[in-house]
Amino acid sequence: CSLAVLDVHGFDEVRVRLGSVDGFRCSGRVEVYQGHQWGTVCSRGWDLRDAAVVCRELDCGFAFATRSGAHFGRFSGEVWWRNVHCSGDEFTLDLCERTLNEGVCLHNEDAGVECTGKLPAPTLTMQSPFSAYSAGEAVLFTCTAPYWRHPIDFHLYKTGVDTPLVTQRADFRQTRVELTLSDLETSHEGSYSCLYRIQGNPGNSPSSNIINITVLEIHTPEIWYNASPSARPGWVNRGQSFNVTCSTQPQYPGGSFQLRLIRPNGTVRHSLPALTPFVTFSFSNAQASNEGYYCCLYKVQFGGRTFVSRESQPLAINVRGADPVLSPVVISLLVSGLTFVIATCVILVVAKVYCKRVRKPTELERESRTCVDNTYIALTIK
């Protein structure tokens with residue numbers, strides 16, 4: 001078996017830097033300071049896990065690539081270490097296992113590192129100025145990263161969820177993408193942030209600012225009424241009281257129910273705050289003016305927007321013993337029936353006229369006539 005020799009220097013100070021020819025401090029030749037002298041590290045056995053420790057120690061983000069063969073130029077001092085082996089979780093290169101070089105490697109094998117640099121946090125914005133949405137809508141986020149050195153992937157996260165809800169790959173030098181959260185559900189309500197990742201690198205940028213969204217689920221209300229037990233269904237006795245109730249769930253602070261009465265001569269509206277899931281509109285003295293079709297809807301202002309439900313199914317109410325004139329509901333039924341009768345008569349008259357206009361047979365034709373529903377069909381035999 002083989003035993004690695006650890007390079008132990010007691011209390012000697014060990015520092016790391018990257019020697020670069022382009023002046024970018026987060027890319028360059030790995031240089032180690034020990035024994036009051038700077039030296040290099042041999043690239044034998046050098047990999048991304050080792051490079052990741054160097055980038056972390058220098059606060060240079062994440063390791064993007066390793067370099068060898070004196071990629072960043074030759075060094076004139078000593079080659080201190082070779083066979084460096086890091087797990088990738090160490091905070092400094094000095095904590096990694098290695099052996100002394102002892103003249104084995106030359107400077108043409110100096111190890112190099114390309115780090116991403118300290119990744120700045122991205123910025124998350126919304127194209128809409130509102131923070132509240134109804135179920136089924138979509139939210140369009142924009143994530144902007146002030147980073148362009150390498151291609152990056154953008155991710156949209158919801159607080160409390162480990163996996164991203166939306167991922168978008170950016171083109172080279174593209175620093176902004178749109179992240180769309182489609183078909184919202186109430187489970188999407190919460191806090192959102194974005195981050196980006198260098199393509200091919202396991203490390204993430206810091207998270208962006210947080211944006212909170214609220215998702216409202218607005219349902220169509222139900223409607224029913226209560227009247228005197230002596231009144232038959234759909235009717236209310238004149239002069240007596242009756243109630244119309246609207247109901248829906250869930251409800252939100254500041255909501256209200258709107259009750260609309262549709263009559264031949266116009267529309268009457270009533271409104272009550274939705275303090276409970278059931279709101280009752282009371283009418284103390286039923287008159288002909290209370291006849292018609294009742295519909296209710298739910299309305300609420302939230303997050304700078306107004307949300308309105310669909311109207312309920314119409315509820316027809318007639319007042320029994322009302323003025324001798326026909327009620328609006330009865331009038332509508334009579335008009336519908338009369339329209340049907342007139343249309344049927346017109347069709348029969350047109351059919352009869354058409355039958356009379358059929359041409360008479362010539363003397364050379366022997367014909368047999370068959371009448372079907374008052375329509376004659378000539379069958380000619382030659």
Side-chain angles (χ1 to χ4, degrees), residues 1-120 147-153 172 195-206:
C1 64
S2 60
L3 179 66
V5 179
L6 299 181
D7 177 24
V8 181
H9 287 273
F11 296 100
D12 284 354
E13 180 185 16
V14 176
R15 289 181 290 166
V16 174
R17 71 182 182 187
L18 295 177
S20 175
V21 294
D22 61 3
F24 182 51
R25 77 173 193 89
C26 290
S27 292
R29 178 181 54 249
V30 180
E31 298 177 3
V32 176
Y33 183 84
Q34 68 174 25
H36 307 288
Q37 185 179 354
W38 286 99
T40 59
V41 175
C42 181
S43 60
R44 295 185 186 182
W46 185 260
D47 58 23
L48 275 175
R49 289 176 297 180
D50 309 321
V53 175
V54 173
C55 296
R56 182 182 301 113
E57 181 175 357
L58 297 178
D59 196 20
C60 282
F62 306 99
F64 181 74
T66 60
R67 302 298 180 187
S68 60
H71 178 81
F72 295 99
R74 291 177 178 268
F75 191 72
S76 59
E78 295 287 338
V79 179
W80 286 127
W81 300 338
R82 61 182 172 88
N83 296 330
V84 176
H85 179 71
C86 303
S87 66
D89 297 325
E90 294 85 355
F91 290 99
T92 63
L93 192 64
D94 187 41
L95 298 176
C96 299
E97 184 181 342
R98 75 266 183 179
T99 58
L100 294 173
N101 180 49
E102 296 179 337
V104 175
C105 294
L106 302 177
H107 283 302
N108 61 352
E109 296 181 273
D110 284 344
V113 174
E114 286 190 32
C115 303
T116 61
K118 187 175 181 179
L119 298 180
Y147 183 87
W148 53 268
R149 289 181 174 273
H150 305 99
I152 56 181
D153 295 328
F172 184 63
L195 53 81
Y196 60 94
R197 177 180 298 138
I198 308 299
Q199 292 179 15
N201 192 289
N204 297 326
S205 73

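Just so it is clear, the structure is predicted and the values come from calculations on it, not from any experiment. Numbers here are sequence positions counted from 1.
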Do Cys86 and Leu93 come within less than 4.5 Å of each other through their side chains, counting heavy atoms only?
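Touching, per the 4.5 Å side-chain cut-off.
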Side chains of Leu195 and Pro206: does their closest heavy-atom pair fall under 4.5 Å?
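Result no, sub-4.5 Å side-chain heavy-atom pair not found.
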Lys/Arg-Asp/Glu bridge criterion (N-O < 4.0 Å) met for Arg197, Asp153:
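Not counted as a salt bridge, because no side-chain N and carboxylate O are separated by less than 4.0 Å.
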If we ignore hydrogens and angles and just use 3.5 Å, is the side chain of [X] paired with the main-chain N or O of [Y] as donor and acceptor?
X      : Y      : answer
Ser68  : Glu109 : no
Thr66  : Asp47  : no
Arg98  : Cys96  : yes
Glu114 : Arg67  : no
Asn101 : Val79  : yes
Ser205 : Tyr196 : yes
Arg56  : Gly88  : yes

Full working for side chain to side chain contact (heavy atoms under 4.5 Å, CB included) between Leu18 and Val30
CA-CA 5 Å; Leu18 295 177; Val30 180; 3.9 Å; yes
Report the distance from atom [atom1] of [X] to atom [atom2] of [Y], rounding to the nearest 0.5 Å.
X      : Y      : atom1 : atom2 : answer
Asp110 : Thr40  : CG    : OG1   : 3.5 Å
Arg17  : Glu31  : CZ    : CD    : 4.5 Å
Asp89  : Arg49  : CG    : CZ    : 10.0 Å
Phe64  : Ile198 : CZ    : CD1   : 7.5 Å
Asp50  : Ser43  : CG    : OG    : 11.0 Å

Closest heavy-atom contact between [X] and [Y]?
X     : Y      : answer
Ser27 : Cys115 : OG-N, 3.7 Å
Glu57 : Thr92  : OE1-CA, 3.3 Å
Trp80 : Trp38  : NE1-C, 3.7 Å

May I ask you to check whether the SG atoms of Cys60 and Cys55 are separated by less than 2.5 Å?
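A disulfide is absent here, as the SG pair of Cys60 and Cys55 is separated by 2.5 Å or more.
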Would the pair Cys105 and Cys42 meet an SG-SG distance criterion of under 2.5 Å?
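Judged by the SG atoms alone, which are under 2.5 Å apart, Cys42 and Cys105 are bridged.
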Under 6.0 Å from the ring centre and within 45 degrees of the ring axis: does the NZ or CZ of Arg29 meet both conditions for the six-membered ring of Phe72?
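Not satisfied by the 6.0 Å and 45° rule.
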Tell me the ring-ring contact (aromatic ring centres under 6.0 Å, His included) pairs involving residues 92-114, sequence neighbours left out?
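Those involving residues 92-114 are Phe75-His107.
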